[in-house]
Amino acid sequence: MSRVQLLIFSSLLIISFVFIFLNQNADLYLSNRLSEVLIFPLKLVFNYFQYLDVSQKKIVHLESQISKLQIENHTLKKSLNLLMAPDTITNLPLRVLKANVIGRDPLNFNGFLYIDKGYKDGLTINGPVVFQNKIIGRIKSLSENTGIVETIENPGFALSAVDGRSGIYGIVKKKDQLYFEYIKINDDVNSSDSIYTSGLSENLPKGLIIGTVSTVKEKDDLFFKEVIIEPALSINKLNYVYVIY
Amino acid sequence: MRILFYFILTYLFLPVNSAIDLLTILVYFVVLSEDEKFSIVFAFFVGLLIDLYYPVSLGVNMLVFLVLAQGLVFIKKYFVREPLTLFMVFVIFYFIKFLFAHIIPGRLVVWNTIVCTIIFALPVVFILQKICFRVWIKT
């Protein structure tokens, strides 16, 4: 062993013994002071991850609140314009749960969404699924921890709807496109009218946006109009949704 | 550059050290591969960090790592670097460390940690060799 090495070893050995035989107060004081310097890089990283985690939880909470408020706000606005009956405002279920989209049906990509919440989280079959104040669909089936959402893009999906401007009621149905059906030839429905849920369909609250009228044509039967709706949101862009329960 | 890498690894391994004793493996590797003076100082530093991060009794790990590193510095010239020998030496190294840093101070003995450490010791040493010296075993 070289002299330098012996010197280093002896010094470190003495320091170790000093640490071991220090009294408790001095030990604690020294630990705190040294930790501040030596464990600092780890603390910095941990604090950063903790901050990210807390921020993420806050974002989820705020998004959920925004969703609730948008639905409530929209319904209140509509009721002030007397386009919808005001008695349903108080009936709005306002418990909203965020659910991540964890899969899609490969054969019907926008028709069904798989979400990471199930009946364990309090969800029920036919519960409305929204994004902000726009309707996405309803829950088709549930397992303990997952659920399948049938969206308005699924052929055959139908719900009761109302024209936000004129208050004309009809049925929105998905075929090759989204149709607003049973609109009579003399009913006041025009292009760019917004179409909302009417609240007449089971479990679906009133006032959720379905889409905007894109085309109005007269049909051959001369009794009904053909009204095509442009959906309010692109379902293939969603990676999370909100379930009202 | 390698020195910096060892210190970065020390901080990375520190939070998971209660599950797998990676810091003991790192000290073992550094003592076998690096300069003797640096090895001793590094072992002392690792002991200090463990004492600060898992505070039970300040100084115990420092002392154990220091003495063990010095012991390994003495004997490392006398054994051949082949897997079985490296493994046997590590087991003895780890056993002595465990005896003085855990059993004698009366700390909780977690058998999973011991088993995982022994299983992962050689692979970790080989990976470190490969990263630092571009060879799996430095003879």
Side-chain angles (χ1 to χ4, degrees), chain A residues 1-61 98 100 102 116 120 144-145 239-240, chain B residues 4-18 22-23 27 31 34-77 97 100-101 104-107:
Chain A
M1 195 193 280
S2 70
R3 191 176 287 180
V4 179
Q5 196 183 332
L6 187 67
L7 194 68
I8 294 171
F9 178 71
S10 313
S11 316
L12 295 178
L13 199 66
I14 291 165
I15 294 171
S16 304
F17 277 115
V18 169
F19 274 119
I20 290 172
F21 293 111
L22 275 177
N23 69 42
Q24 207 173 4
N25 287 341
D27 203 359
L28 198 67
Y29 176 79
L30 213 57
S31 294
N32 286 339
R33 288 286 162 272
L34 284 170
S35 293
E36 277 172 18
V37 180
L38 294 174
I39 309 291
F40 175 72
L42 272 183
K43 276 186 183 163
L44 203 69
V45 174
F46 280 142
N47 286 346
Y48 179 68
F49 280 110
Q50 207 172 10
Y51 168 76
L52 284 183
D53 188 43
V54 170
S55 304
Q56 185 60 33
K57 281 179 186 158
K58 273 188 183 169
I59 288 170
V60 169
H61 177 69
K98 185 182 177 184
N100 292 309
I102 55 171
D116 66 346
K120 203 176 168 187
E144 192 177 346
N145 293 310
N239 51 24
Y240 62 91
Chain B
L4 182 66
F5 176 64
Y6 296 145
F7 282 102
I8 291 170
L9 277 186
T10 307
Y11 279 102
L12 286 177
F13 289 168
L14 195 57
V16 293
N17 206 50
S18 55
L22 289 168
L23 287 174
V27 169
V31 175
E34 297 295 339
D35 169 62
E36 295 173 356
K37 292 181 209 85
F38 171 73
S39 303
I40 294 167
V41 176
F42 181 75
F44 176 82
F45 177 74
V46 169
L48 174 64
L49 278 188
I50 294 175
D51 279 334
L52 293 175
Y53 196 79
Y54 303 99
V56 177
S57 165
L58 192 64
V60 172
N61 278 297
M62 280 183 245
L63 183 65
V64 171
F65 273 105
L66 180 67
V67 174
L68 275 176
Q70 185 58 59
L72 196 59
V73 162
F74 275 131
I75 63 159
K76 73 175 182 180
K77 301 166 206 136
K97 183 255 165 183
F100 286 98
I104 292 176
R107 285 190 194 174

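First the proteins, then the strands, lettered A, B, ... as listed; each starts at 1.
Pairing each heavy atom of A/L42 with each of B/L14, the nearest pair is CD1-CD2, 3.4 Å. For A/L13 against B/L63, the heavy-atom pair with the smallest separation is CD1-CD1, 3.4 Å. Between B/L58 and A/S31, the shortest heavy-atom contact is CD2-OG, 3.6 Å.
Interface remark: A/S11 contributes no atoms to any contact with chain B (heavy atom separation under 4.5 Å). Of the atoms belonging to B/L12, not a single heavy atom falls under 4.5 Å from chain A. A/I8 touches chain B through its side chain: at least one heavy atom from C-beta onward sits under 4.5 Å away, while N, CA, C and O do not. Looking at B/V64, there are no atoms closer than 4.5 Å to chain A (heavy atoms on both sides), in backbone or side chain. Residue A/F46 touches chain B through its side chain alone, counting heavy-atom pairs closer than 4.5 Å.
Around the OH atom of B/Y54, the shell of radius 6.0 Å holds more than 12 heavy atoms that belong to other residues, nucleotides or ligands. Residue-environment remark: CZ (B/F100) stays at or below the threshold of 12 foreign heavy atoms within 6.0 Å.
A/I15 is listed as a side-chain neighbour of B/F44, based on a closest heavy-atom distance under 4.5 Å. In this structure, B/F45 and A/L38 have side chains that are in contact, with non-hydrogen atoms separated by less than 4.5 Å.
Here the CG-CZ distance, from B/N61 to A/F19, works out to 12.5 Å after rounding to the nearest 0.5 Å. Here the CD1-CG distance, from A/I20 to B/D51, works out to 8.0 Å after rounding to the nearest 0.5 Å. A distance of 11.0 Å separates CD in A/E36 from CG in B/L52, rounded to the nearest 0.5 Å. Note that CG of B/L48 and CD1 of A/I39 are 8.0 Å apart. Values are rounded to the nearest 0.5 Å. Once rounded to the nearest 0.5 Å, the distance linking NZ of B/K37 with CG of A/L7 reads 11.5 Å.
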